[in-house]
Amino acid sequence: MSESVACAQAVIGQLLAQGVTDLVLAPGSRSAPLALVADAAAREGLLRLHVRVDERGAGFLALGLAKASRRCVPVITTSGTAVGNLLPAVMEAAHSGVPLLVLSADRPAALVGTGANQTTEQLDLFSGFLRHRGRVSSTAAPASWAAQAARAVLAAGGEVSGHPGPAQLNLELGLPLVPGSGQALVPAPRGALRTGRSARPEPVALPGGPRTVVVCGDADPATGREARTLAEAAGLPLIAEPSSNARTGANALATGRLLLAGPLGRQVERVLVFGRPNLSRPVTALLARADVEIVVVASGPEYVDPGWRASLVAGAVTVEPGPAEWLDAWRTADAERAARLGELNLAGALSGPELARLVVAAVPQDQVLCLANSNPIRDADLAPVRADPGPVYANRGLSGIDGTLATAAGVALASGAPTTLLCGDLAFVHDAGSLAIGPGEPRPTLRVVVADDNGGSIFATLEYGQDRFADSFERVFATPTGLDLVALATGFGVPARRVSTAAEVAVALTEPWTGIEILVVDVDRSGRAEAARRLAD
């Protein structure tokens with residue numbers, strides 16, 4: 001009998017008992033027991049298995065699955081560099097509170113440091129980013145195998161701590177790695193380890209006197225609804241980022257970040273903060289002002305306080321209704337600024353903000369929108385507020401462009417709904433390998449809209465876009481690849497086409513699709529810096 005296979009059965013069986021429904025696997029040798037048991041469980045309909053050849057893409061696929069489902073999603077790798085490739089996804093999960101579980105296969109501990117093949121110190125690879133890490137050995141007491149798995153799932157989900165995020169089980173698996181004659185592979189049913197959840201905290205009552213705005217950054221739908229409900233009940237203006245899931249209703253402002261730089265922004269005396277706001281410098285500056293009271297609403301031990309100004313951190317708050325004149329002033333200013341923005345969008349070639357406006361408006365309520373970092377999500381931050389948006393997701397924990405396609409695929413698979421991703425050409429190229437999905441794998445219904453401006457146009461709006469850096473800008477900041485993105489996509493067997501005008505984009509976005517499709521949209525970045533300057537006026 002193979003102890004390693006028995007260990008894998010116990011671990012995966014306990015994952016199933018704790019509610020795991022999806023599992024991502026990257027191929028390897030030392031992870032063979034886990035792979036064989038996961039495949040057997042999938043064949044029995046006990047879980048949905050997703051296989052990817054690239055560990056970085058596998059990690060972000062698991063991240064997207066966990067982000068949309070709010071369930072713990074494990075990702076299995078073999079030992080060595082395979083585990084290290086999960087670091088970007090683990091970092092993002094740590095900072096965005098996503099329940100990702102790394103199941104890293106390993107050699108027995110006695111082989112570490114001996115020069116054994118594919119052997120390194122794997123328990124320290126994610127140091128500082130894990131909610132929990134455990135060491136599982138195939139030679140340890142069998143009772144420990146399932147107990148360690150249960151503990152890891154609870155830690156990743158924040159069931160005890162209220163602080164979800166990534167966890168790791170490092171499984172030291174000895175030979176043999178395959179079952180003996182007659183040894184079953186399907187894990188036996190197990191009982192779940194249960195926890196008693198703490199009651200929802202009593203809200204802190206706040207007076208309605210100070211001139212207050214509600215700011216909601218990247219957040220799950222439940223947190224977004226909480227922010228919106230509070231803003232509407234208290235009659236307060238709501239500055240909600242695109243992935244806040246709060247950007248709807250009469251109090252949500254389409255141009256809130258721009259208004260903060262004007263007279264109304266200077267009158268703010270108190271900010272109620274939800275989620276993780278980090279998208280714009282005006283919001284960051286507001287949260288750092290010494291004359292503004294910062295109240296953070298957070299359910300776990302980590303909370304947002306970039307300016308070191310928070311005076312209250314609470315699990316929930318209530319606010320007495322503020323004066324109607326305050327909200328009316330913001331609504332009026334927002335309507336005026338939005339009209340000016342609309343005029344700017346109509347001028348010249350198709351721009352990034354205009355493309356974002358088209359995409360945000362086109363995704364039906366029963367579908368899902370994903371937004372890539374850099375300019376796409378910032379452009380969406382100026383799109384008109386919708387009355388009926390569906391869920392919106394983005395990787396705002398660390399705001400990287402890596403893993404963009406894989407994350408969106410995971411979101412689409414977890415939600416079961418058609419999903420549209422708006423990304424830039426560099427984000428698309430960076431994660432193009434995630435289009436490699438093998439035959440027979442679960443395939444998402446995912447439409448990728450690529451804003452192709454041949455480079456990183458966001459840098460043109462920052463300090464490095466000044467004329468004095470013109471000689472260096474294209475090579476070390478914009479970094480155009482010159483690739484034919486349609487050919488790149490079709491090389492992976494994914495249907496792709498190029499569209500160039502707003503009218504063509506609008507039509508394409510209304511067309512039904514199945515599987516993955518790519519729309520490459522020609523976007524002009526020559527006026528990015530000037531447009532940013534005009535927006536700030």
For the [atom1] atom of [X] and the [atom2] atom of [Y], what is their distance to the nearest 0.5 Å?
X      : Y      : atom1 : atom2 : value
Leu63  : Leu86  : CG    : CG    : 11.0 Å
Leu154 : Gln18  : CG    : CD    : 5.0 Å
Phe60  : Lys67  : CZ    : NZ    : 10.0 Å
Arg56  : Asp431 : CZ    : CG    : 6.0 Å
Asp379 : Arg357 : CG    : CZ    : 12.5 Å
Gln367 : Ser415 : CD    : OG    : 9.5 Å

For the side chain of [X] and the backbone of [Y], is there at least one donor-acceptor N/O pair under 3.5 Å apart?
X      : Y      : result
Arg276 : Gly397 : yes
Arg133 : Leu123 : yes
Thr479 : Val476 : no
Asn251 : Ala231 : yes
Glu92  : Ala89  : no
Asp218 : Ser244 : no
Thr404 : Ile401 : yes
Asp220 : Thr223 : yes
Thr419 : Ala417 : yes
Glu517 : Arg447 : no

Side chains of [X] and [Y], heavy atoms from C-beta outward: is any pair under 4.5 Å?
X      : Y      : answer
His163 : Arg131 : yes
Thr407 : Cys370 : no
Pro277 : Val273 : yes
Asp328 : Glu325 : no
Arg309 : Glu293 : no
Pro221 : Tyr393 : yes
Asn373 : Asn395 : yes
Leu230 : Val319 : yes

So which heavy atom on [X] is nearest to which on [Y], and how close?
X      : Y      : result
Leu253 : Asp334 : CA-OD2, 3.6 Å
Leu238 : Ala246 : CD2-O, 3.3 Å
Leu421 : Ala372 : CD1-N, 4.1 Å
Gly275 : Val304 : O-CG2, 3.4 Å
Ser434 : Leu405 : CB-CB, 4.2 Å
Ala310 : Val296 : CB-CG2, 4.0 Å

Near Tyr303 OH, under 6.0 Å, is it more than 12 heavy atoms from other residues, nucleotides or ligands?
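Open: at most 12 neighbouring heavy atoms sit under 6.0 Å from OH of Tyr303.
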In this structure, are over 12 heavy atoms from other groups packed under 6.0 Å from Glu202 atom CD?
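No, the 6.0 Å shell around CD holds no more than 12 heavy atoms from other groups.
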Less than 4.0 Å between a side-chain N and a carboxylate O, is that true for [Y] and [X]?
X      : Y      : answer
Arg257 : Asp381 : yes
Asp291 : Arg266 : no
Glu336 : Arg340 : no
Arg70  : Glu159 : no
Arg48  : Asp22  : yes

For Leu519 and Val505, what are the C-alpha separation, side-chain angles and deciding distance, and is it a side-chain contact (heavy atoms from CB on, under 4.5 Å)?
CA-CA 8 Å; Leu519 299 178; Val505 171; over 6 Å; no
Could you check Thr212 against Arg270 for side chain to side chain donor-acceptor pair (under 3.5 Å), going step by step and ending with a plain yes or no?
CA-CA 5 Å; Thr212 301; Arg270 181 175 64 189; 2.9 Å; yes
Under the salt bridge (Lys or Arg N to Asp or Glu O under 4.0 Å) definition, can you give me all pairs with a residue in residues 386-413, not counting sequence neighbours?
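Counting only pairs at least two positions apart or across chains, the salt bridge (Lys or Arg N to Asp or Glu O under 4.0 Å) contacts touching residues 386-413 are Arg386-Asp388.
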Taking ring pair (Phe, Tyr, Trp, His ring centres under 6.0 Å) as the cut-off, I'd like each qualifying pair that reaches into residues 311-330, sequence neighbours left out, listed once.
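Counting only pairs at least two positions apart or across chains, the ring pair (Phe, Tyr, Trp, His ring centres under 6.0 Å) contacts touching residues 311-330 are Trp326-Trp330.
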Would Leu101 and Gln168 satisfy side-chain contact (heavy atoms from CB on, under 4.5 Å), going step by step from the backbone distance to the final call?
CA-CA 6 Å; Leu101 174 58; Gln168 178 189 12; 5.7 Å; no
Check the pair Ser69 / Thr21 against side-chain contact (heavy atoms from CB on, under 4.5 Å), numbers first and verdict last.
CA-CA 10 Å; Ser69 68; Thr21 59; 5.9 Å; no
side-chain contact (heavy atoms from CB on, under 4.5 Å) assessment of Val292 paired with Leu286
CA-CA 8 Å; Val292 174; Leu286 174 67; 4.3 Å; yes
List in chain and number order the residues that pass side-chain contact (heavy atoms from CB on, under 4.5 Å) with Ala338, two or more places apart in sequence or in another chain; answer none if no residue qualifies.
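side-chain contact (heavy atoms from CB on, under 4.5 Å) list for Ala338, sorted by chain: Thr255.
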